[in-house]
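Values below: every heavy atom of this structure, side chains too, minus hydrogens, waters and symmetry copies. Counting from 1, the numbers follow the sequence of the chain as shown.
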Amino acid sequence: MILVTGASGTVGSEVVKALGGRSVGVRAGYRTRPQNIPAGVESVALDYDRPETIRSALQGVETLFLLSNTVEPEKKVVDEAKRAGVKRVVKLSVIGAAQEGFVFARWHRAVERHIEASGLAWTFLRPHSFMQNVVNYMGETIRAQSAIYSPAGDSAISHIDARDIGAAGARVLTEEGHEGKAYELTGPAALTGGQIAGILTPVLGREIRYVPISPEQYKQAAVAAGTPEAYADALVDLNRYYTTGKAAVVTPMVRQLTGRDPIPFEQFARDYADKLR
């Protein structure tokens, strides 16, 4: 039995989809009411703020797919997993976690260390920024203003499609030989904000502009939209990391794990165009 946490999220939902056609037991943990659950997948309530749901969801589980962006709640899930007899943890981390060069990397590395010290078998998936974030976090201004605003300047970033993370995750969860390994996952090319706008323009049939803004403007807008200040600061720091040039790295790991090339942004744009019109 495989338990997927965060199963309604951008990545968790893709992991569940990718596991749906495999001959393994899959349990999907949802904090909110689940929708569109693949056939054969068991759904359970799973809320990190309600320990009783964690213990119940972990019953009979052999492998845990751990997904969150918070340190202490993830550590508590790992502790509960060990008590429940879970044998292996596959954690969704972040690219650059080993170097801890930005806030999110330090958060994830703290959980990775906790898993390493737990005695459980582990595998870390360290993906880059999701292409789906263009829809989730930039979609409103693309639809209303035909504009992308970012403090990342002309930095090139090798965004990855969450569908590729789901496919890679499903392979790692169902195959042997991945224990003790960390995989950095990227898309096939590093793109600047201007290049992303240029790809979206013909797909959407109107000019999409890329508008650089300052970190201060970015934080102000994030907080005004309801983002907690500490998280907004972490996002500002992430964009600072992007400007160092280190976010342009492209790795072969998606192909090595899945046997196919990662999805290019051009294909992502076509597939998600209706969400940006």
Side-chain angles (χ1 to χ4, degrees), residues 4-15 29-32 46-51 53-54 65-78 91-115 124-142 144 147-153 155 157-162 165 184-186 193 196 211-244 246-247 275:
V4 179
T5 65
S8 62
T10 300
V11 172
S13 61
E14 295 298 339
V15 173
Y30 297 90
R31 183 169 184 170
T32 56
L46 180 56
D47 186 338
Y48 288 175
D49 295 327
R50 296 165 55 205
T53 67
I54 299 172
F65 185 80
L66 181 62
L67 187 159
S68 177
N69 213 6
T70 52
V71 178
E72 294 307 317
E74 281 196 65
K75 288 182 177 180
K76 291 177 181 177
V77 174
V78 172
K91 171 178 163 49
L92 185 75
S93 184
V94 67
I95 197 166
Q99 293 75 36
E100 301 186 69
F102 51 99
V103 171
F104 287 127
R106 291 191 285 276
W107 288 358
H108 282 286
R109 184 61 189 137
V111 180
E112 288 183 355
R113 287 196 183 94
H114 191 74
I115 294 170
F124 302 145
L125 297 181
R126 295 171 173 167
H128 216 322
S129 172
F130 315 146
M131 293 181 185
Q132 280 74 6
N133 288 348
V134 172
V135 174
N136 296 338
Y137 301 115
M138 304 175 185
E140 184 175 351
T141 60
I142 291 173
I148 296 171
Y149 297 90
S150 171
S155 306
I157 304 164
S158 50
H159 302 281
I160 182 171
D161 194 307
I165 305 173
E184 297 209 331
L185 308 174
T186 73
I196 287 175
V211 184
I213 59 175
S214 70
E216 293 76 19
Q217 290 173 310
Y218 181 81
K219 178 180 177 179
Q220 182 180 11
V223 171
T227 305
E229 187 168 4
Y231 200 87
D233 285 335
L235 289 170
V236 169
D237 184 61
L238 177 63
N239 282 276
R240 174 203 57 78
Y241 173 78
Y242 290 159
T243 64
T244 67
K246 296 177 182 178
K275 296 181 182 296

Original post:
With side chains defined as the heavy atoms from C-beta onward, is the minimum distance between E229 and D233 less than 4.5 Å?
Top reply: yes

**OP:** Report the residues that fulfil side chain to side chain contact (heavy atoms under 4.5 Å, CB included) with T53, sequence neighbours left out, ordered by chain and then residue number.
**Re:** L46, D47, R50

Subject >> With P127, the side-chain contact (heavy atoms from CB on, under 4.5 Å) member among T186, L92, V94 >> reply: L92

Subject >> Stepwise side chain to side chain contact (heavy atoms under 4.5 Å, CB included) check, V15 with L67 >> reply: CA-CA 11 Å; V15 173; L67 187 159; 6.0 Å; no

**OP:** For V223, check side chain to side chain contact (heavy atoms under 4.5 Å, CB included) against everything at least two apart and list the hits.
**Re:** K219, A232

Subject >> Test item: T5 side-chain N/O and G29 main-chain N/O as donor-acceptor pair under 3.5 Å >> reply: no

Original post:
Near Y137 OH, under 6.0 Å, is it more than 12 heavy atoms from other residues, nucleotides or ligands?
Top reply: no

Original post:
Any side-chain heavy atom of V134 sitting closer than 4.5 Å to one from H159?
Top reply: no

Original post:
Is H128 reaching over with its side chain to a backbone N or O of I95, donor-acceptor style, under 3.5 angstrom?
Top reply: no

Original post:
Closest heavy-atom contact between F65 and V11?
Top reply: CZ-CG1, 4.4 Å

**OP:** Quick one: pull up OG in S93 and CG in L125 and give me the separation to the nearest 0.5 Å.
**Re:** 9.0 Å

Subject >> Which atom of T141 lies closest to which atom of A147, heavy atoms considered >> reply: OG1-O, 2.8 Å

Original post:
Looking only at heavy atoms, which two atoms of T243 and A152 are closest? And how far apart?
Top reply: CG2-O, 3.8 Å

**OP:** Write down the atom of T10, the atom of Q132, and the distance for their closest heavy-atom approach.
**Re:** CG2-CB, 3.7 Å

Subject >> side chain to side chain contact (heavy atoms under 4.5 Å, CB included) between K91 and I115, intermediate numbers included >> reply: CA-CA 9 Å; K91 171 178 163 49; I115 294 170; 3.8 Å; yes

Original post:
Taking the side chain from E14 and the backbone from A162, do they hold a donor-acceptor pair closer than 3.5 Å?
Top reply: no

Subject >> Pairs flagged by salt bridge (Lys or Arg N to Asp or Glu O under 4.0 Å) wherever residues 124-135 is involved - sequence neighbours left out >> reply: E112-R126

Original post:
So, the side chain of N239 versus the backbone of P151: is there a donor-acceptor pair under 3.5 Å, distance only?
Top reply: no

Original post:
If you round to the nearest 0.5 Å, how far is OH of Y30 from OG of S13?
Top reply: 8.0 Å

Original post:
By side chain to side chain contact (heavy atoms under 4.5 Å, CB included), which residues pair with L238, not counting sequence neighbours?
Top reply: F102, F104, Y242

**OP:** Give every residue pair that meets the side chain to side chain donor-acceptor pair (under 3.5 Å) criterion with at least one member in residues 94-107, sequence neighbours excluded.
**Re:** E100-R113

Subject >> Nearest-0.5 Å distance that lies between atom CD1 in I142 and atom CD1 in I148 >> reply: 4.5 Å

**OP:** Give, for atom CD1 of I160 and atom CD1 of I165, the distance between the pair rounded to the nearest 0.5 Å.
**Re:** 4.5 Å

Subject >> Set of residues satisfying salt bridge (Lys or Arg N to Asp or Glu O under 4.0 Å) with respect to E72, sequence neighbours excluded >> reply: K75

Subject >> Nearest-0.5 Å distance, NE2 of residue H108 to OG1 of residue T70 >> reply: 9.0 Å

Original post:
What are the two closest heavy atoms between V4 and G12, and how far apart are they?
Top reply: CG1-O, 4.0 Å

